[in-house]
2 protein chains.
Amino acid sequence: MLRIITQRSEAEAELKRICDRIYDDQITHKEATVSEIVQTVRRQGDKALLHYTAEFDRQEFDASELRVSGSELDAAYQQVSGELLKAIELAHRQVLDFHRQRVPKSWVQFGDKEVVLGKRYNPVDAAGIYVPGGQAAYPSTVIMNAVPAVVAGVKRIAMVTPPGKEKSVNPAILVAAQVAGVEEIYRVGGAQAIAALAYGTETIPKVDVISGPGNIYVTLAKKQVYGHVGIDSLAGPSEVLVIADHTANPRHVAADLLAQAEHDSLAAAILITTDNRLASLVVEEVNHQLENHPRRIQTEKSIAHYGLVVVADSLKEAAELSNQFAPEHLELEVAEPWDMLEQIRHAGAIFLGHSTPEAVGDYLAGPNHTLPTSGAARYASALTAETFIKSSSIIHYSPAALKDAAWAIDALTEAEGLPSHGDSVRFRVEEQ
Amino acid sequence: MLRIITQRSEAEAELKRICDRIYDDQITHKEATVSEIVQTVRRQGDKALLHYTAEFDRQEFDASELRVSGSELDAAYQQVSGELLKAIELAHRQVLDFHRQRVPKSWVQFGDKEVVLGKRYNPVDAAGIYVPGGQAAYPSTVIMNAVPAVVAGVKRIAMVTPPGKEKSVNPAILVAAQVAGVEEIYRVGGAQAIAALAYGTETIPKVDVISGPGNIYVTLAKKQVYGHVGIDSLAGPSEVLVIADHTANPRHVAADLLAQAEHDSLAAAILITTDNRLASLVVEEVNHQLENHPRRIQTEKSIAHYGLVVVADSLKEAAELSNQFAPEHLELEVAEPWDMLEQIRHAGAIFLGHSTPEAVGDYLAGPNHTLPTSGAARYASALTAETFIKSSSIIHYSPAALKDAAWAIDALTEAEGLPSHGDSVRFRVEEQ
């Protein structure tokens, strides 16, 4: 059941509990398992990939079948409806348009005495994209991860996804990949797939950055290989926080909460409202909409454990509680959503007004749906092209500029006890 | 001694060995130690900090002395020379100027049917800066870490640094902190300091992002707390790669190599040159400059293990080898350095021409000296204000825009088996 809380202190405690829901002791135990998988793949390559795929995905095949073939890619188009293909193409176009905004460009600035400073941006050479399989095999995941890498200008993009029955890969995923421009796809998932992308195997060349969501094993594997490669983020279970006033529609709010809860049993769905009546109506509506929900058991579990309705005294208090939680998705279903924006400091994505359910952003508005979870919005942002771009600082000094700076570098190198640092400047200046 | 290699395959193997020098098995053993320290600080707070400080730093005091007092901050100014203070102020001003360039600004764009999309940027609430102590207590580290956080607009910046003899903190560090605007300073270092910043203790409130270099324990602790807080990067030992042609001065190149090697025995100093004669002269010069080097033993060790001279057939080959290595610092000591830039894909910072030794960038040119190491320049960049800034995506749809998008969202939610996602749109459109 969806609980209603009216005490601020109780609300804060509950929000903290929900935010911390993945920091349980289980993780520590799984780390050792993941470490063994990663190290085995690093040592044994393809052989280990095939072994773990047989063990965890119950699919046996040999290394020549790891990569999805051209004929499978072609065939996938026959297995999706024309409507779905058009929807994927629309989503792709809009996500592409948004991600092309404000991509960083190389620049230099000229100072006194021929000093030149600046930054040069380059894409990474190769990106790896993890796409979950099974119940969570989403074509939207493919678009949201592939597009930023494409926009960044990454030359090689490799996708991994665990095989389903009879080694198959979900055709909607294969179509979305091709629409986004990705054709290097491997049927391998879990921690083993992350290890393959990070270290390379005989069949799968290594990449430089890995993005994409996954279960706890995938996430722990990403954390382990981080430093050897870049990663987008450590994605936890999904969450929504809705701030609603008396102008919100309880049926809509309830659907928004359930749209989060239906993802999996760790998903969190939170409403903070200034309206007592709305609180009760939303609880009723949630119960009603759950009645015939195709994913009822799992969705109810999520609502019971990580669902919450908080009645706040004011929208200001609602914003404060939201900032403490730092939600992945924040919906502002209030009369004046733009007026609230200034008060929001931490949120992955903000959906404004009564006609902007999170689903719009999940699929096709344009901004990325890969967002910081579990409070990470305090310090992290959505996936963007910049995840696949890095910069080199540019520094050019002339003899005259070096001469001017020499005294200060000398003072600092002496304080730091680094004589050759000083020599590298002094020798040059002396010989001018 | 500094070896000269002329075979490309041998050069590639050696560069790979040097790049991977921190990926040794020792790390695995240290991970368990670090994990215990981090968890103990998380559970016991200040008590654990004081315990580990007594154990590792041999300094005993109580919690009330953890924070550096106002009178210590004042007194530090009396302990540095006027020249050093002026040098710190110059470095601060120039680093500040550079970091203020291109700080991301919030934006929105307006589409058809009142669709509004955009990004809002906010600083993190609190930043933590790690500054090493002892031999590696550098005021430049303080400036390079504090300035990006200040430019980002972070309200609270906390600095930690291990105490030296008689609980003291290096006065140049205290002065640099104050010049940069940081006055919340704690005398605690190592993995325990990282844990304190990540989880908070009675005396040290938690932060959102931790930046700054440290030894292997500090780096492993940063990796462990990553996800609970943001981190700048996993910094390894420092490295320089110099590309030089016949126009380079062997004495200068040798000083540049030694300026890297003198940092510590894991530092790497590599020269790739198209000029056989230069190769030999640089080796001679390195030997000569090492003779009376105050850090001779350690610097020789670094040169012997991780020093290398490669003779390449062409500048093109030199650039290819450099891209494979992805150096933290790259010096282009060639006749036409700007012409080479296009060929450089992976480097943390690029120093162009004969009058731009790395020391210029280490101290005061402006760009950050916190750079990706150990090949991380393949996917990562210098520390910038953006390390302390994050964005929220902004999405606003009107009823008309939602109606237009409904068919596509419907097709996608059906393909993904997420009925409430569909309901959240359908309910709204039906009721228009």
Side-chain angles (χ1 to χ4, degrees), chain A residues 83-84 87 90 117 122 124 138 172 208-209 227 230 234 251-252 255-256 258-259 262 294 345 347 349-353 355-357 359-361 363 365-367 378-382 390-399 402 408-409 411-412 415-416 418-421 423-425 427-428, chain B residues 83-84 87 90 117 122 124 138 172 208-209 227 230 234 251-252 255-256 258-259 262 294 345 347 349-353 355-357 359-361 363 365-367 378-382 390-399 402 408-409 411-412 415-416 418-421 423-425 427-428:
Chain A
E83 191 82 346
L84 180 57
L90 175 67
L117 303 175
N122 278 296
V124 301
Y138 301 147
D208 301 305
V209 170
L234 299 172
R251 189 170 174 231
H252 304 174
D256 295 352
L258 289 173
E262 72 184 350
R345 289 201 316 280
I350 307 173
F351 301 81
L352 292 105
S355 296
T356 318
V360 166
Y363 291 111
R378 285 182 294 109
Y379 62 84
S381 313
K390 74 275 182 336
S391 66
S392 302
S393 306
I394 298 292
I395 306 179
H396 171 268
Y397 262 48
S398 65
L402 187 65
I409 296 175
L412 286 157
E416 298 193 353
L418 296 169
S420 293
H421 280 66
D423 289 346
S424 71
V425 175
F427 291 168
R428 286 169 163 96
Chain B
E83 191 82 347
L84 179 56
L90 175 68
L117 303 175
N122 279 296
V124 302
Y138 300 148
D208 300 305
V209 170
L234 299 172
R251 189 169 175 233
H252 304 175
D256 295 352
L258 290 174
E262 71 184 349
R345 289 202 315 282
I350 306 173
F351 302 81
L352 292 105
S355 297
T356 319
V360 166
Y363 290 111
R378 285 183 294 109
Y379 62 84
S381 312
K390 72 276 183 333
S391 66
S392 302
S393 306
I394 297 291
I395 306 178
H396 170 269
Y397 263 49
S398 65
L402 187 64
I409 296 175
L412 286 157
E416 298 193 352
L418 295 169
S420 293
H421 280 67
D423 288 348
S424 71
V425 175
F427 291 168
R428 284 167 163 96

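In what follows, chains are A, B, ... by sequence order, proteins preceding strands, each numbered from 1. Computed over heavy atoms, backbone and side chain alike; hydrogens, waters and symmetry mates excluded. Keep in mind the model is a prediction, meaning the values are calculated, not measured.
With a 4.5 Å cut-off on side-chain heavy atoms, Leu352(B) and Ile395(A) do not count as touching. At least one side-chain heavy atom of Tyr363(B) sits less than 4.5 Å from a side-chain heavy atom of Leu418(A).
Options Ala411(B), Ala347(B), Ser355(B), Ala255(B) differ in how many heavy-atom pairs under 4.5 Å they form with chain A, and the most are formed by Ser355(B). Contact count against chain B (heavy-atom pairs under 4.5 Å) is highest for Ser391(A) among Ser391(A), Ala359(A), Pro294(A). Ranked by heavy-atom pairs shorter than 4.5 Å toward chain B, the options Asp423(A), Leu402(A), Val425(A) are led by Leu402(A). Between chain A and the residues Gly366(B), Gly353(B), Ala415(B), Ala87(B), the largest count of heavy-atom pairs under 4.5 Å involves Ala87(B). Per-residue heavy-atom pair counts under 4.5 Å with chain A were compared for Gly361(B), Ala382(B), Ala349(B), and the maximum is reached by Ala349(B). Of the listed residues (Val124(B), Asp208(B), Val209(B)), the one with the most heavy-atom contacts under 4.5 Å to chain A is Asp208(B). For the set His252(A), His396(A), Glu83(A), the entry with the most heavy-atom pairs within less than 4.5 Å of chain B is His252(A).
The line from CG of Asn122(B) to CZ of Arg345(A) is 7.5 Å long, rounded to the nearest 0.5 Å. Here OG of Ser393(B) is found 7.5 Å from CZ of Phe351(A). Values are rounded to the nearest 0.5 Å.
Glu262(B) and Ser420(A) get closest at one heavy-atom pair: OE1-N, 2.9 Å. When all heavy atoms of Arg428(B) and Pro357(A) are compared, the pair lying nearest together is NH1-CB, 3.4 Å. Tyr379(A) and Gly227(B) make their closest contact through OH-O, 2.8 Å (heavy atoms, listed as atom of the first residue, atom of the second, distance). Considering every non-hydrogen atom in both Glu416(B) and Tyr138(A), the closest pair reads OE2-CB, 3.1 Å.
For the side-chain contact (heavy atoms from CB on, under 4.5 Å) with Ser424(B), the qualifying choice from Asp256(A), Val360(A), Leu258(A) is Asp256(A), the only one to do so.
With hydrogens and angles ignored, the 3.5 Å screen pairs no side-chain donor or acceptor of Ser392(A) with any backbone N or O of Ile350(B). When atom types are taken as modelled, the side chain of Thr356(B) and the backbone of Tyr397(A) share a donor-acceptor pair closer than 3.5 angstrom.
Heavy atoms of Ser398(A) lying under 4.5 Å from chain B belong exclusively to its backbone. In this structure, the portion of Leu90(A) lying under 4.5 Å from any heavy atom of chain B is its side chain and not its backbone. If you measure heavy-atom distances from Ala380(A) to chain B, the contacts under 4.5 Å come from the backbone alone.
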